[in-house]
2 protein chains.
Amino acid sequence: MSEFAVIGMGRFGRSVATTLHQLGHRVLAIDENEEALRHIADDVTHAVQLDSTDSEALQGVGIANMDAVVVAIGAAIQESILTTLILKELGCKKIVAKASNDLQGKVLERIGADAVIYPERDMGVRIAHTLSSPGVLDYIEISPTFSIEELSVPERLVGQTLGRLDLKARFGVSVLLIRRDSQLLISPDPEIGLQAGDVLVVVGENRQLTKLETSL
Amino acid sequence: MSEFAVIGMGRFGRSVATTLHQLGHRVLAIDENEEALRHIADDVTHAVQLDSTDSEALQGVGIANMDAVVVAIGAAIQESILTTLILKELGCKKIVAKASNDLQGKVLERIGADAVIYPERDMGVRIAHTLSSPGVLDYIEISPTFSIEELSVPERLVGQTLGRLDLKARFGVSVLLIRRDSQLLISPDPEIGLQAGDVLVVVGENRQLTKLETSL
Ligand SMILES: Nc1ncnc2c1ncn2[C@@H]1O[C@H](COP(=O)(O)OP(=O)(O)OP(=O)(O)O)[C@@H](O)[C@H]1O
Ligand SMILES: Nc1ncnc2c1ncn2[C@@H]1O[C@H](COP(=O)(O)OP(=O)(O)OP(=O)(O)O)[C@@H](O)[C@H]1O
């Protein structure tokens with residue numbers, strides 16, 4: 001069991017704090033706004049009202065002993081940067097900071113954030129891919145060039161076998177598994193016939209996946 | 001090539017609009033605030049300033065002809081709900097709406113949104129999982145009970161073969177692929193020895209994955 005602090009109880013910060021608590025960890029939620037803390041007080045270990053740009057206040061709650069600190073401040077970009085700087089100076093083991101744009105992200109990296117995340121941007125990319133190709137249910141980047149995609153099997157492919165579809169030869173894409181109702185068929189046999197409602201989870205280069213999407 | 005409208009140019013809306021445009025589609029960006037439109041005017045097909053709760057204004061830009069409309073309004077929950085209702089009445093083919101909390105999400109579903117998404121909440125869950133187990137690089141739900149996870153191979157497992165690890169028998173988890181530098185080893189041979197820096201992409205029930213995480 002580890003101990004985490006999450007600073008900034010917006011939609012993202014609340015989600016991180018309550019999920020960590022559900023996974024069995026001790027969670028300290030921090031926000032300067034009392035109203036924001038009231039909503040989550042029962043779903044975390046401790047909820048403390050303080051201004052995270054106040055170094056002494058952070059020391060007072062033992063922030064440096066945390067296994068990781070998440071800085072989830074949004075609109076107040078100055079505060080997010082200043083808070084991250086203070087955490088670094090206090091010797092925090094791991095700092096994960098949310099950024100609203102690339103410039104803020106670069107500054108947070110330079111001053112020592114161990115990881116910078118862009119929640120809205122990343123979800124926007126995923127939703128755009130699922131809209132761009134109606135068959136794509138979800139799209140996940142696993143490296144700069146490769147992604148995993150969930151594709152719903154179109155009507156006209158029902159009854160065909162994976163062997164006949166031969167996605168590897170035609171698109172360079174591999175089928176990792178088939179989701180059929182609540183079951184998973186992992187590394188499926190090429191002789192398996194596709195059924196209506198099947199979902200293919202495939203992996204390939206981004207260029208190859210886009211080609212597959214447009215052909216389905 | 002399809003045609004999309006995105007209403008609300010916050011961080012999420014901008015990301016959806018610009019990604020769809022990069023994927024080659026026609027994109028109409030809508031916001032009531034001129035400043036918000038100025039940033040993205042060059043990255044979309046058209047940018048129009050209007051209040052999306054004004055039904056006539058929406059008809060005036062041909063919103064019903066779009067292949068899909070994304071409602072990415074955040075803080076103004078009333079406007080998001082009213083806009084979704086109007087789009088439904090105008091006969092839009094597909095409406096994807098962002099929600100800030102469960103209650104808003106339920107209302108959006110009831111009035112006819114085809115998909116409701118929670119960008120901040122979902123990213124919060126993923127970040128919490130990656131923090132909860134240091135080896136977890138990413139965590140993706142593929143159904144209510146199954147998820148795919150990216151796990152970095154810990155020091156002490158370097159040199160072991162997948163066959164010896166036998167994750168299937170011990171945890172009920174299957175290894176879909178190994179990411180090694182910029183290469184992917186799909187459906188890897190059990191005799192393969194793990195190397196430092198390898199990343200395993202595995203699939204299993206959420207309960208099984210949590211057990212695997214704590215044991216690594
Ligand atoms: N200096 C600070 N100290 C502590 N909390 C702060 C500070 N500055 C801002 N916050 C808090 O951070 C929280 C999140 O900030 P904000 O709402 O601007 O982010 P957001 O990106 O819109 O959030 P989300 O998208 O996650 O809902 C707010 O509850 C705010 O009170
Ligand atoms: N009735 C409306 N018509 C058009 N645009 C609107 C309307 N109401 C709000 N908007 C726009 O929606 C955009 C996004 O709203 P807001 O910033 O509250 O969302 P957010 O959830 O904080 O955004 P994000 O988290 O994606 O940055 C704003 O640019 C705002 O001008």
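Naming: A, B, ... by sequence-line order, numbering from 1 per chain. This one's a predicted model, so the numbers in the text were calculated from it and none came from an experiment. Below, each value reflects all heavy atoms present in this structure, side chains not excepted, and no hydrogens, waters or symmetry copies.
Only the side chain of R179(A) comes within less than 4.5 Å of a heavy atom in chain B; its backbone stays farther off. Heavy-atom distances place the side chain of I148(A), and not its backbone, under 4.5 Å from chain B. Of the two parts of S132(A), the backbone and the side chain both hold a non-hydrogen atom closer than 4.5 Å to a non-hydrogen atom of chain B. Both the backbone and the side chain of S100(A) come within contact range of chain B, with heavy atoms under 4.5 Å apart. Interface remark: I117(A) contributes side-chain atoms only to the contact with chain B (heavy atom separation under 4.5 Å). Contacts of V201(A) with chain B are made by side-chain atoms alone, with heavy-atom separations under 4.5 Å and no backbone atom involved. At a 4.5 Å heavy-atom cutoff, the contact between S182(B) and chain A is made by backbone atoms alone. Using a 4.5 Å cut-off between heavy atoms, V199(A) does not touch chain B at all.
Nearest heavy atoms, L23(A) versus A128(B): CD1-O, 4.1 Å. For the pair S187(A) and S187(B), the tightest heavy-atom approach, listed with the atom from each and the gap, is OG-OG, 3.7 Å.
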Check your understanding: Is there a side-chain contact (heavy atoms from CB on, under 4.5 Å) between V16(A) and M123(B) once you walk through the steps?
Key -> CA-CA 8 Å; V16(A) 176; M123(B) 283 303 278; over 6 Å; no
Check your understanding: Hey, mind stepping through I142(B) and D138(A) against side-chain contact (heavy atoms from CB on, under 4.5 Å) and telling me if it holds?
Key -> CA-CA 8 Å; I142(B) 57 171; D138(A) 209 346; over 6 Å; no
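Considering only heavy-atom pairs separated by less than 4.5 Å from chain B, the leading option among D122(A), V70(A), I127(A), D67(A) is I127(A).
Two residues are said to be in side-chain contact when any heavy atoms from C-beta on lie closer than 4.5 Å; L131(B) and H25(A) fail this criterion.
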